[in-house]
Amino acid sequence: MALIINHLCTGCDACLHVCPNDAIRAESPYYLIEAVLCTECVGDHAKAQCAAICPIEGAIVDELGVALNPLGSLTGIPPYKLHPFHLVEAHS
Amino acid sequence: MKHSFFPIVPAKAESGTGLGCASSGCGSAPDALSHLPDAIRRKVQDHPCYSEQAHHYFARMHVAVAPACNIQCNYCNRKFDCANESRPGVVSELLEPDQAIRKTLAVAAAVPQMTVLGIAGPGDPLANPERTFATFRDLAERAPDIKLCVSTNGLRLPEFADEIARHSIDHVTITINCVDPEIGAKIYPWIYWDHRRIRGVEAARILIEQQQKGLEMLVAKGVLVKVNSVMIPGINDAHLKKVSKLVKAKGAFLHNVMPLIAEAEHGTYYGVMGQRGPTTAELQALQDECAGDMAMMRHCRQCRADAVGMLGEDRGSEFSLDKIAGQEVDYEAAMVKRKAVHDEITAKLEAQRQQPVEKVGAGETVQRGRPVLMAVATTGGSVINQHFGHAREFLVYEANDMDVRFIGHRKTDLYCTGAATCPEDEIRGESVLDRTLTALAGCEVVLCAKIGYEPWGRLEAAGIQPNGEHAMEPIEEAVAAVWREMLDSGKLAAPPATQKRA
């Protein structure tokens with residue numbers, strides 16, 4: 001049972017500070033959750049802390065690849081609005 | 001920790017602030033903060049962000065050591081980075097605290113006018129307390145002549161108020177966009193608080209409560225607090241007058257109302273959803289309404305979280321990590337030089353302050369004429385010294401029969417508006433002049449060191465008179481002189497010529 005950080009991660013550090021298990025490492029090009037340490041916060045908090053503070057939609061997924069913060073859930077921008085601007089890769 | 005592409009952006013507005021001459025004109029005019037006790041005046045007189053007067057002479061820098069944030073603002077996109085952007089929350093190079101120290105010492109040695117080091121992001125400094133305070137601690141020790149300041153959304157301010165006071169950080173900026181949770185819910189989609197992501201009115205209520213408590217605690221400890229507000233038309237524009245009154249009553253010494261920056265290309269909620277920013281006229285009207293007897297600041301440039309140099313300029317790229325690598329800085333020697341430079345500037349400013357200001361039209365017979373807005377191209381030093389075509393922003397002054405007063409600044413192309421105007425594209429020449437003409441709307445004169453033939457014609461056609469006759473002259477005197485010329489030639493009897501786009 002462990003969560004996974006994917007390539008959408010911007011390396012902002014927010015999750016590092018809040019993980020109760022110190023399971024997150026600042027790897028390059030994006031951060032990594034050590035599966036053996038991650039408990040998904042069960043027993044510590046009602047919600048997985050990394051996903052509770054992560055500002056990037058889709059960057060944290062569960063073992064089945066399902067995003068804990070799906071597109072549109074954090075910014076409130078409807079996903080259909082995002083398409084024309086190719087925001088995910090914009091200006092990188 | 002490596003950042004291959006850089007995080008970004010809580011658009012916080014930390015950058016400027018102003019003591020100086022917000023309500024009376026700058027340079028030689030009396031200070032808008034002259035009502036402050038001497039002790040506070042001395043604290044801010046060489047701070048370019050707090051002093052309108054100082055921003056012509058002193059420089060500041062931000063070090064981007066704080067990537068994490070604990071709230072989301074609708075004007076911020078955490079994924080954005082572009083080297084050509086100049087606005088809050090955008091950075092190109094995230095620094096570790098030890099790198100930040102090295103960069104600060106290198107800049108302080110190379111730019112003796114640098115007086116202030118701020119931590120403003122790109123996230124929230126207080127959401128990265130270890131990195132933020134480690135940087136402050138080391139700098140206080142190694143560069144005791146540099147003032148420290150920090151900018152925050154305020155969520156964790158009460159928790160760190162003691163620590164801020166302990167690190168002799170004497171300037172704090174809090175971004176307060178509202179004091180009503182219902183309005184806050186339209187600005188902040190969520191906050192991270194007490195191990196949960198909290199949304200809506202409840203989130204805004206907590207944020208507002210913490211901000212106000214933090215403000216009170218800092219003021220009680222004698223820390224100077226400036227409040228930044230982002231003006232969002234239709235959301236908080238009318239409400240900001242109430243915010244201004246409240247934060248002033250609680251002891252904030254300066255209020256800075258800044259325009260919302262929202263472009264769809266930035267990928268922010270407001271940008272994508274088509275929320276517009278205020279026009280310069282709307283911004284100015286609100287700033288005037290908020291002013292009352294409180295110092296308002298009008299020279300904020302909304303800089304990046306890694307800006308370096310005078311306000312409105314960014315020399316960050318000259319001091320990137322690879323450029324300062326291996327550089328040995330003899331800070332003891334640098335401090336001696338810095339002190340000499342600071343003393344010289346301070347003496348000059350003091351002399352200006354002592355000098356009685358010659359009022360325009362003052363005297364036995366007061367001449368009457370309508371107020372005129374004039375734009376000025378300057379690179380600093382309080383003189384007209386920039387070529388029109390090189391100006392990426394203009395300072396705007398209002399001259400009337402009483403005095404000359406600084407109104408604000410107008411940017412031309414400092415932030416990205418998409419491919420068509422991106423400096424990376426070759427097609428920009430024409431559109432930059434167009435943008436400049438739009439930015440100068442309402443101004444009747446533009447004063448610059450020199451100007452090319454083509455823009456001269458376009459400006460005239462747009463009803464803006466170019467003027468290169470006052471090159472290298474002090475701004476206020478030149479503006480006053482031009483106003484008198486206009487008065488003498490009868491131009492001020494009639495209303496301004498209707499401006500049209502060239």
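Numbers restart at 1 for each chain; the letters A, B, ... are given by sequence-line order, proteins then strands.
Dense packing is recorded around CZ of B/R199, with more than 12 heavy atoms of other residues, nucleotides or ligands lying under 6.0 Å away.
Residue A/D13 holds its CG atom at 7.0 Å from CG of B/L94, rounded to the nearest 0.5 Å. Taking OH from B/Y192 and SG from A/C54, the interatomic distance works out to 12.0 Å, rounded to the nearest 0.5 Å.
Among the candidates A/T75, A/V18, A/L74, A/I56, the residue making the largest number of heavy-atom pairs closer than 4.5 Å to chain B is A/L74. Highest contact tally toward chain B, considering only A/C15, A/A14, A/P20, is held by A/A14 [criterion: heavy-atom pairs under 4.5 Å].
Nearest heavy-atom pair, A/H17 versus B/A68, reported as atom, atom and distance to 0.1 Å: CD2-CB, 4.0 Å.
Contacts of B/N74 with chain A are made by side-chain atoms alone, with heavy-atom separations under 4.5 Å and no backbone atom involved.
The side-chain heavy atoms of A/C41 and B/H195, taken from C-beta on, include no pair separated by under 4.5 Å.
Among the residues in residues 43-53 of chain A, those with a non-hydrogen atom closer than 4.5 angstrom to a non-hydrogen atom of chain B are A/H45, A/Q49, A/A51, A/A52, A/I53.
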